[in-house]
S.K.: 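This is the structure I have questions about; it appears just below.
We name chains A, B, ... by the order of the sequence lines, and we start the count at 1 in each one. Any value given below was found using the heavy atoms of this structure, including those in side chains, with hydrogens, waters and symmetry copies removed.
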Amino acid sequence: MVLGAVSAMAANQAERLKEDGNSCFKKERFGAAIDAYTEAITLSPKIPVYWTNRALCHMKRKDWTRVEEDCRKAIQLDHNSVKAHYMLGLALLQSKEYANGVKELQRALDLGRGANPTGYMVEEIWEELAKAKYMEWELASARRSWELNSLKETCEAALNQQRALDMSRTEESSEEAYASHTEQLKALDRVFERAAEDDKPTEVPDYLCCNITLEIFRDPVISPSGVTYERAAILEHLKKVGKFDPITREKMDPSKLVPNLAIKEAVAAYLEKHVWAYKAGS
Amino acid sequence: MTSSGAPSRNKVLSKIAGNRLQKELTEWQRNPPTGFKIKVTDNLQRWIIEVMGAPGTLYANDTYQLQVDFPEHYPMESPQVIFLPPAPLHPHIYSNGHICLDILYDSWSPAMTVSSICMSILSMLSSSTEKQRPTDNDRYVKNCKNGRSPKETRWWFHDDKV
């Protein structure tokens with residue numbers, strides 16, 4: 001019983017220290033905030049928020065190794081911490097652990113979807129994820145395009161060589177042989193053009209874009225009228241403009257929105273194949 | 001009456017608004033609505049759009065100019081749309097360029113776009129049977145003297161028949 005009272009006191013004190021840390025953080029006194037959170041952690045090491053709050057301070061000071069340490073600890077305590085996965089992702093990207101960083105951001109996005117609007121971080125996470133994916137795509141597509149070009153040049157050279165060889169054998173050059181050679185070169189052009197298509201940014205199909213944001217869905221929800229919207233956008237509309245469906249104008253309540261998992265999957269599949277679509281305004 | 005809404009009109013666009021307008025502009029350039037031409041400027045917040053009266057209507061061969069100003073929180077707020085002088089003679093268009101059209105005010109929805117607004121305005125022009133000003137034109141225009149935005153007018157909408 002005495003022990004229980006002691007640990008309750010410790011927990012209370014840790015909470016107070018967290019509050020101190022939070023107010024220091026608001027004043028951008030990150031060193032002082034870190035000290036407060038560290039004390040809180042010493043008293044109650046099993047509270048994930050203390051770890052993520054401290055990680056955020058480290059992040060403000062760009063101390064990425066410590067961000068990673070604190071986030072890993074927080075995830076041990078709470079596998080579903082959006083903030084811990086998000087900051088861990090950023091820390092890993094900073095230390096060039098590209099694939100793992102993206103994985104953490106994707107995990108954070110999945111966990112963040114559907115969260116209630118307070119503390120809704122989906123857009124922020126999406127932006128970081130999109131930046132990382134787009135950068136990866138730029139590098140990879142430049143390499144692919146270079147490979148295709150040099151392969152094409154080699155093929156053209158081979159065809160021309162073949163043509164020269166044929167000509168030297170048959171002595172007189174026939175119209176027919178010349179035509180067939182040009183045809184082959186044209187066909188080669190088409191084949192390579194087709195091969196480059198996947199890497200050419202075009203338009204994202206309308207059915208994968210929200211009618212309010214006009215951008216590809218991050219967290220699609222479906223209205224009772226059957227129209228799909230970006231969650232943050234439709235919630236803002238219901239709050240600011242009116243409680244009606246923007247397309248059908250039927251009356252609507254925020255509680256009636258349901259995640260559209262099919263569209264979410266379709267977006268994921270599309271982005272997998274067309275990584276350039278991560279870039280806003282493309 | 002002072003124009004209380006004016007400061008918010010001059011605020012810079014929010015990130016969401018900027019992104020969306022950029023998308024709308026790209027889409028417009030790819031697929032412009034028939035009868036409209038946008039005058040390219042570097043100001044994303046104010047669009048000047050040329051409207052050509054539809055053939056076979058009272059406004060055939062007429063050209064007018066729309067000025068569209070976007071608020072900070074577009075598309076959660078409607079843009080301000082007016083005709084630059086000379087405004088077309090129409091029972092729902094005042095001589096100061098203000099347009100009595102419900103979707104620009106009470107019936108705005110963030111799913112509407114500049115392009116869909118333009119279509120609504122063109123269809124409003126096309127269905128007119130006489131070129132004349134609204135009956136309350138002089139009174140209304142006098143009330144707007146100090147540069148009041150049409151978005152601050154309390155509109156009672158004319159019937160839809162015209």
S.K.: Could you measure the distance from the CD1 atom of A:I247 to the CE atom of B:M112? Nearest 0.5 Å is fine.
M.R.: 9.5 Å
S.K.: Answer yes or no: are there more than 12 heavy-atom neighbours, outside A:D253 itself, under 6.0 Å from its atom CG?
M.R.: yes
S.K.: Does B:K131 have more than 12 heavy atoms from other residues, nucleotides or ligands lying within 6.0 Å of its NZ?
M.R.: yes
S.K.: Does the pair A:T213 and B:K23 meet the rule for a side-chain contact (heavy atoms from CB on, under 4.5 Å), with working shown?
M.R.: CA-CA 9 Å; A:T213 64; B:K23 288 256 170 191; over 6 Å; no
S.K.: Heavy atoms only: give me the nearest A:F244-B:W108 pair and the separation to one decimal.
M.R.: CZ-O, 3.7 Å
S.K.: Would you say CZ of B:R133 has more than 12 non-hydrogen atoms from neighbouring residues, nucleotides or ligands within 6.0 angstrom?
M.R.: yes
S.K.: Would you say that more than 12 heavy atoms from the other residues, nucleotides or ligands in this model lie under 6.0 Å from the NZ of A:K256, or not?
M.R.: no
S.K.: For B:P110, which atoms come within 4.5 Å of any heavy atom of chain A: side chain, backbone, both, or neither?
M.R.: both
S.K.: Quick one: do B:M76 and A:K239 satisfy side-chain contact (heavy atoms from CB on, under 4.5 Å)? Show the steps, please.
M.R.: CA-CA 10 Å; B:M76 293 305 156; A:K239 204 170 111 196; over 6 Å; no
S.K.: So, the side chain of B:R20 versus the backbone of A:I212: is there a donor-acceptor pair under 3.5 Å, distance only?
M.R.: yes
S.K.: Any carboxylate oxygen within less than 4.0 angstrom of a Lys/Arg side-chain nitrogen, looking at B:K15 and A:E123?
M.R.: no
S.K.: Tell me, yes or no, whether the heavy-atom count around A:R144 atom CZ, taken from other residues, nucleotides or ligands under 6.0 Å, exceeds 12.
M.R.: yes
S.K.: Assess whether atom CG of A:D206 is packed by more than 12 heavy atoms of other residues, nucleotides or ligands within 6.0 Å.
M.R.: no
S.K.: Heavy-atom distances under 4.5 Å only: say whether A:Y229 touches chain B with side chain, backbone, both or neither.
M.R.: neither
S.K.: Drop me the distance from A:E236's CD to B:H73's NE2, to the nearest 0.5 angstrom.
M.R.: 7.5 Å
S.K.: Using 0.5 Å steps for rounding, measure from the CG atom of A:L214 to the CG atom of B:L21.
M.R.: 9.5 Å
S.K.: Can you tell me if A:E193 has over 12 outside heavy atoms packed within less than 6.0 Å of its CD?
M.R.: no
S.K.: Is there a side-chain contact between A:V241 and B:S109 in this structure, where contact means two heavy atoms from C-beta onward sitting under 4.5 Å apart?
M.R.: no
S.K.: Within a radius of less than 6.0 Å around CD1 of B:I16, do more than 12 heavy atoms belonging to other residues, nucleotides or ligands occur?
M.R.: no
